[in-house]
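Along the sequence shown, residues carry numbers from 1. Everything quoted here is computed from the prediction, not taken from an experiment.
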Amino acid sequence: MTADTRRFLNAAGEVLRADPARNTVILTVTEDLRVKAAASAGALFGWWQPDGEPVGAAFMHTPDYPLLLSRVSAPAAGRLAGDLTEARRRIPGVNAGQEAADAFAAAWRDRTGDAVAVSRRMRLFRLGELIPPRPAPEGTARLAAETDRDLVARWFEAFAREVGDPPGQDHGRAAAGRLSYGGITVWEAGGVPVSVAGRTRAVAGMVRLGPVYTPPELRGHGYAGAATAVVSQAALDAGLREVVLYTDLANPTSNGLYQRLGYHPVEDRVMLSFAPARHRLRFIRERTRGLRPARRW
């Protein structure tokens with residue numbers, strides 16, 4: 001395990017880039033850190049490498065967010081939970097495929113006594129052949145400008161509240177970061193912004209769309225679909241091979257919309273949340289005293 005982004009990418013970058021769609025979040029977060037030459041701000045990274053074998057999996061944990069696991073076996077996920085409890089790393093949840101998430105959560109619960117609950121189920125989609133919405137809604141698309149920063153920050157915050165992301169995030173900074181590389185597209189109707197669609201930096205021939213947000217009072221006019229189609233087409237025009245996005249499976253509207261635009265399911269993930277129990281640290285010490293996993297992350 002390491003907080004050094006460069007060391008992490010030197011070790012795990014090859015396996016992550018071999019499947020950029022499924023590893024989209026780890027790749028785009030570390031690409032942001034690389035481009036900005038920024039410190040990892042409390043982030044922790046790791047990779048799974050059995051003796052004598054190549055790296056097979058990786059994880060990333062940024063403060064306040066669930067631990068993010070790449071595709072990994074259930075036993076390896078369980079061992080990681082043990083390593084993190086020994087390291088006294090506070091993890092509010094895990095984001096992984098169902099089997100790995102269950103294994104990590106079971107091992108975490110055994111060592112900490114935390115309660116485990118499902119907080120979100122998500123689906124990864126990949127663009128096939130883009131199908132623009134017909135008829136197109138009123139309005140036109142444009143890249144967001146610095147003058148849009150406050151509006152975009154407010155809409156990012158509103159989106160985060162709706163999907164249940166951790167509170168207290170600096171959405172103004174997030175908006176400024178996206179603006180710095182043309183990562184926000186605004187759909188205007190009658191000269192007024194009515195929807196936004198974001199995208200990440202491109203890395204390993206892949207880009208991820210999101211967030212896509214329309215205020216509640218402006219929904220139902222097709223603005224979000226039109227903005228998404230524009231950003232998707234721009235990614236294709238730039239020669240990117242993988243254009244992906246995530247949806248919340250509890251939202252049938254967005255799941256239906258993106259499939260109509262030509263996006264196809266790739267995989268499902270589950271986000272489990274952990275609720276701390278009383279006397280958690282004492283419980284960890286008692287359960288882990290003298291125990292060492294056969295292999296470590």
Side-chain angles (χ1 to χ4, degrees), residues 20-22 24-25 27-28 120 122-145 148 151-163 165 171 174-175 177-179 181-190 192-203 205-269:
R22 287 183 173 86
T24 173
V25 177
L27 284 170
T28 54
R120 192 183 309 170
M122 300 162 293
R123 180 163 291 162
L124 175 67
F125 284 88
R126 178 193 286 121
L127 181 61
E129 182 179 352
L130 180 63
I131 307 170
R134 293 287 185 267
E138 173 195 4
T140 57
R142 63 171 175 82
L143 284 180
D148 299 303
L151 173 68
V152 170
R154 290 197 304 273
W155 284 4
F156 276 15
E157 182 177 8
F159 175 86
R161 282 198 307 269
E162 285 193 18
V163 301
D165 279 349
H171 297 288
R178 294 292 183 98
L179 287 168
Y181 61 86
I184 304 170
T185 294
V186 176
W187 188 270
E188 286 187 336
V192 177
V194 293
S195 187
V196 293
R199 68 164 180 86
T200 65
R201 296 180 191 273
V203 55
M206 174 274 304
V207 69
R208 186 178 71 260
L209 273 59
V212 178
Y213 182 76
T214 304
E217 67 275 12
L218 297 173
R219 294 173 187 171
H221 300 283
Y223 301 141
T228 300
V230 168
V231 178
S232 301
Q233 185 62 59
L236 296 175
D237 292 344
L240 296 173
R241 301 184 304 275
E242 306 265 17
V243 184
V244 300
L245 52 81
Y246 275 107
T247 66
D248 185 338
L249 284 174
N251 186 337
T253 301
S254 62
N255 281 272
L257 167 64
Y258 297 130
Q259 290 181 83
R260 290 193 297 275
L261 292 176
Y263 282 83
H264 303 285
V266 175
E267 69 171 4
D268 289 356
R269 298 179 70 90

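- Residue-environment remark: CD (Glu129) stays at or below the threshold of 12 foreign heavy atoms within 6.0 Å.
- From Tyr258, atom OH reaches atom CG of Leu127 across 12.5 Å, with rounding to the nearest 0.5 Å.
- Rounded to the nearest 0.5 Å, atoms OG (Ser232) and CG (Leu209) are 4.5 Å apart.
- In this structure, Arg208 contributes its side chain and Arg199 its backbone to no donor-acceptor pair below 3.5 Å.
- Rounded to the nearest 0.5 Å, atoms CG (Leu124) and OG1 (Thr247) are 9.0 Å apart.
- Nearest heavy-atom pair across Ala141 and Thr185 is CB-CG2, 4.0 Å.
- Taking OG1 of Thr228 as the reference point, atom OH of Tyr223 lies at 14.5 Å (rounded to 0.5 Å).
- Scanning all heavy atoms of the two residues, the minimum distance from Leu151 to Pro193 falls at CD2-CB, 3.6 Å.
- Side-chain atoms of Asn255 come within 3.5 Å of backbone atoms of Asn251 as a donor-acceptor pair (strictly under, hydrogens ignored).
- To the nearest 0.5 Å, atom CD of residue Glu157 and atom CH2 of residue Trp155 are 14.0 Å apart.
- Summarising the geometry of Arg269 relative to Tyr246, their closest heavy-atom pair is CD-OH, 3.4 Å, with the distance given to 0.1 Å.
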Tell me, with the steps shown, if Arg120 and Asp248 meet side-chain contact (heavy atoms from CB on, under 4.5 Å).
CA-CA 7 Å; Arg120 192 183 309 170; Asp248 185 338; 3.8 Å; yes
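- Of all the heavy atoms in Val212 and Ala197, the pair that sits closest is CG2-CB, 4.1 Å.
- When all heavy atoms are compared, the tightest approach of Gly210 to Arg178 is O-NH1, 2.8 Å.
- For the atom pair Ile131 CD1 and Gln259 CD, the distance stands at 10.5 Å (nearest 0.5 Å).
- Counting only heavy atoms from C-beta outward, the side chains of Asp148 and Ile184 never approach each other to under 4.5 Å.
- A donor-acceptor pair is defined here as one N or O able to donate and one able to accept, closer than 3.5 Å; no such pair exists between the side chain of Trp187 and the backbone of Arg142.
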For Phe159 and His171, what are the C-alpha separation, side-chain angles and deciding distance, and is it a side-chain contact (heavy atoms from CB on, under 4.5 Å)?
CA-CA 10 Å; Phe159 175 86; His171 297 288; over 6 Å; no
Do Arg22 and Glu267 pass the side-chain contact (heavy atoms from CB on, under 4.5 Å) test, and can you show the C-alpha distance, the side-chain angles, and the key distance before you say yes or no?
CA-CA 8 Å; Arg22 287 183 173 86; Glu267 69 171 4; 3.5 Å; yes
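- Under the 3.5 Å distance criterion, the side-chain polar atoms of Arg219 are matched with a main-chain donor or acceptor of Thr214.
- Here the side chain of Ser195 pairs a donor or acceptor atom with the backbone of Tyr213 at under 3.5 angstrom.
- Thr24 contributes no side-chain N or O that, together with a main-chain N or O of Pro20, makes up a donor-acceptor pair within less than 3.5 Å.
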Step-by-step side-chain contact (heavy atoms from CB on, under 4.5 Å) determination, Met206 to Leu27
CA-CA 9 Å; Met206 174 274 304; Leu27 284 170; 4.2 Å; yes
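- Shortest non-hydrogen contact noted between Glu162 and Pro216 is OE2-CG, 4.0 Å.
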Tabulate below the donor-acceptor pairs under 3.5 Å that side-chain atoms of residues 234-245 make, not counting sequence neighbours, or state none.
{"residue": "Asp237", "atom": "OD1", "partner": "Gln233", "partner atom": "NE2", "Å": "2.8"}
{"residue": "Arg241", "atom": "NH2", "partner": "Ala204", "partner atom": "O", "Å": "3.3"}
{"residue": "Glu242", "atom": "OE1", "partner": "Arg126", "partner atom": "NE", "Å": "2.6"}

